[in-house]
Every structure is written in C-alpha cells, then in structure tokens.
Amino acid sequence: WVATSATVDIVTLTTDAVIDDGAIVRAARDILVVATGAESITAAAAAVGAGVAGVAAAVATIVLDVHTYARTGRVVIDAGNNVRVAASDDTSLTTVSGGIGVGCVGVGAGVAVVSATKDTRALIGAGSTVDARALQPASPLDGIPNGTVTATSFPTSPQSGLAVLASSSQTVFGMAVSAAGGFVGVAGAVNVTLVRGTTIARIDSTSAQRTVVNGDDGAGSAQSVSVVATDRTDALTIGGGLGGGFVGVAGGVDIGVMDL
C-alpha cells in the first residue's frame, strides 16, 4: 500500500506607496508615504501507508516572493511638521510534514521546504527637495529606531522631522518527521529553509541630481533626520526519523540558509 500527500503554496505579493516624479506635495502638518505588508502562511502534509509493504511520503512546500516599497521619485515635499517614508513587512511561515509506513516492509518519508524572497525598501529619489520643519514638537513621529539593539527588538523613540525607515521580520518554523515499522523499517525526514532578504532605507543623490533635505530656514529646534533599516529573523526547524524492526534505519536532515 502506498500513500502520498503534498501541499504547495506559491505566493507573490507586491505593495507600493509612491509619490512619483514631478510631484509637489505640501502639508501644514505631516506627510506620510507608508507601505505595510504582513503574511502568515501554514502548509501541512501527512501520509500513512500500511500493508505487506507500507510506503508513505508527505511533502509540504511554501514559495514566497514579497516586494514592499515606499518611495518617491524626483519630488518636492514640504511639511510643516514631519515626513515619514516607511516600508515594513512581517512574515510568519510554518511547514509541517509527516509520513508513517507500516508493514512487512515499512517506508516513511517527510519533506518540508520553505523558500522565501523578500525585498523591502524605503527610498527618496535623487534630485528631490524635502523639508520636514518640525514646527509642532508636541506631535512627533513614533516608532523610530534609536540605534540600540536588544536580544528581542530594536528599541524606538519619538522623533520630529524626517524619517526614512525600512523594516523586515521573518518567523520560520519547519518540521519534517517520519516513522516506519516492520521486518524492515526505513524512515527519513528532510527539512529545507531558504530565506533571502533585502532591506534598504536610502536617500538617493547624484552629482547631476542633488537631493536637498531640510535646506530651508525657519525649522523647529526639534528637527531631526533618521535613515534606518532593520531586519530580524527567528527560525526553528526540526527534521527527524524513527525506524523500527528486525532491520531499522532512520535519518533526518535539516538545512537552513539565511541570506539577509
């Protein structure tokens, strides 16, 4: 008896917040250009095979491609208080697979695969003129990373003026388990996690297209500029196999690659 099970999730997401080339934007208070994404994906597969020869195989796969941009072209932005250009994306990925084979010859296999590619950017285009005058210090921007790091977070503080922020986080859990029993029991489990990420916060400027930030007079004393990119990844992956019988063979392989 042979049993197989497979789940495949292929997800492509694009989130853009844009002020395009040539725009002139003025506000008495704040100007916000914000792109926010969040994904929570679970894939599970299980198979059980039993008989004279019991063979079971289960495969769970997630393929994710995420693009999150907050950006301007070559623009004029003039805010009486604050300007925030911010892109953020938070991702949670869970894969679970298991196979059980029971018989005179029992074979079980479990495979879990995660492949995630993320591109998160906050950009001000070359040649722009940006003034964030910070004239209302009682109404600052919140959630601005202050340059410190703890074991679990990037602490933040309020700030007045201009903030260009890019942040990305990934939480990954993967488990592939298998078991086989019989006169001959063979079990194998493979867990593969591949995460590639780009997180950029930038004010572009070239010799031909100079960007000017807070070049006008008349700003408040709290006027500040922050350009910050942060990325955090938490991953737990497990691969295990159990084989029982006169001849029992079991193996588990766990492979993780993070390129951030």
Side-chain angles (χ1 to χ4, degrees), residues 11-41 64-93 116-136 139-146 153-154 156-171 195-206 209-216 223-233 260:
V11 180
T12 301
L13 300 172
T14 299
T15 305
D16 287 306
V18 180
I19 298 178
D20 226 335
D21 286 337
I24 300 174
V25 183
R26 305 184 192 279
R29 299 194 64 180
D30 298 335
I31 297 174
L32 309 177
V33 185
V34 179
T36 304
E39 309 82 41
S40 181
I41 303 172
L64 178 67
D65 189 353
V66 180
H67 161 114
T68 308
Y69 278 23
R71 65 176 182 85
T72 77
R74 184 179 183 181
V75 299
V76 174
I77 295 177
D78 189 344
N81 200 31
N82 302 310
V83 175
R84 183 198 295 261
V85 180
S88 65
D89 187 86
D90 301 308
T91 302
S92 176
L93 303 173
T117 301
K118 300 181 61 179
D119 189 2
T120 307
R121 305 190 187 205
L123 308 169
I124 292 178
S128 295
T129 299
V130 180
D131 284 287
R133 300 178 186 276
L135 295 176
Q136 298 156 6
S139 300
L141 297 170
D142 60 3
I144 310 301
N146 59 26
S153 68
F154 301 98
T156 64
S157 302
Q159 176 205 299
S160 295
L162 170 64
V164 182
L165 309 174
S167 67
S168 179
S169 71
Q170 301 74 231
T171 301
V195 178
R196 294 171 294 275
T198 300
T199 308
I200 296 174
R202 187 174 67 219
I203 298 175
D204 284 329
S205 186
T206 69
Q209 294 183 315
R210 294 289 189 185
T211 297
V212 178
V213 175
N214 294 337
D216 281 358
Q223 185 186 60
S224 301
V225 176
S226 290
V227 182
V228 183
T230 61
D231 187 285
R232 178 184 173 186
T233 300
L260 300 167

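If you're wondering where the values come from, they're calculated on a predicted model, not measured in any experiment.
- Asp119 and Thr198 share no side-chain donor-acceptor pair at under 3.5 Å.
- In this structure, OG1 in Thr129 is found 8.5 Å from CG in Asp216, a value given to the nearest 0.5 Å.
- No donor-acceptor pair closer than 3.5 Å links the side chain of Ser205 to the backbone N or O of Ala126.
- Ile77 has its side chain out of reach of Ser128: every pair of non-hydrogen atoms, C-beta onward, lies at least 4.5 Å apart.
- Remark: of the listed residues Ser224, Ser160, Ser157, Ser160 is the sole one forming a side-chain contact (heavy atoms from CB on, under 4.5 Å) with Pro140.
- A salt bridge is absent between Arg71 and Asp16; no separation between the charged side-chain nitrogens and carboxylate oxygens falls under 4.0 Å.
- The minimum heavy-atom distance between Arg29 and Ala79, with the atom names listed, is O-CB, 3.5 Å.
- Residues that satisfy the side-chain hydrogen bond (donor to acceptor under 3.5 Å, both in side chains) test with Thr171, not counting sequence neighbours, are absent from this structure.
- At least one side-chain heavy atom of Asp89 sits less than 4.5 Å from a side-chain heavy atom of Glu39.
- Between Asp231 and Gln170, the closest side-chain pair of non-hydrogen atoms falls below 4.5 Å.
- From Asp204, atom CG reaches atom CD of Gln209 across 10.0 Å, with rounding to the nearest 0.5 Å.
- Put simply, CG on Leu260 and OG1 on Thr233 are 4.5 Å apart, with the number rounded to the nearest 0.5 Å.
- Under a 3.5 Å cut-off, the side chain of Asn82 and the backbone N or O of Gly161 do form a donor-acceptor pair.
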Exercise for review: Applying side-chain contact (heavy atoms from CB on, under 4.5 Å), run through Arg84 and Ile144 and close with a yes or a no.
Suggested key: CA-CA 10 Å; Arg84 183 198 295 261; Ile144 310 301; 4.0 Å; yes
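- Residues Leu162 and Gln159 come closest through the heavy atom pair O-NE2, 3.0 Å.
- Smallest separation of non-hydrogen atoms from Thr68 and Thr36: CG2-N, 4.4 Å.
- In plain terms, the two heavy atoms of Pro145 and Thr230 that are nearest each other are CG-CG2, 4.4 Å.
- Scanning both residues, Asp20 and Val75, for their nearest heavy atoms gives O-CG1, 3.1 Å.
- Within the model, atoms CZ of Arg232 and OG of Ser167 stand 12.0 Å from one another, a figure rounded to the nearest 0.5 Å.
- Electrostatic pairing of Asp131 and Arg26 does not count as a salt bridge here, judged by no charged N lying under 4.0 Å from a carboxylate O.
- Atom CG of Leu64 sits about 5.5 Å away from atom OG1 of Thr91, to the nearest 0.5 Å.
- Looking at Arg196 and Thr117, their side chains do bring a donor and an acceptor atom within 3.5 Å of each other.
- For Thr15, there are no side-chain hydrogen bond (donor to acceptor under 3.5 Å, both in side chains) partners at least two apart in sequence or on another chain.
- At least one donor-acceptor pair under 3.5 Å links the side chain of Thr72 to the backbone N or O of Gly125.
- With Lys118 contributing its side chain and Val195 its backbone, the two residues share no donor-acceptor pair below 3.5 Å.
- Residues Asn81 and Ser139 share a closest heavy-atom pair of ND2-O, 2.8 Å.
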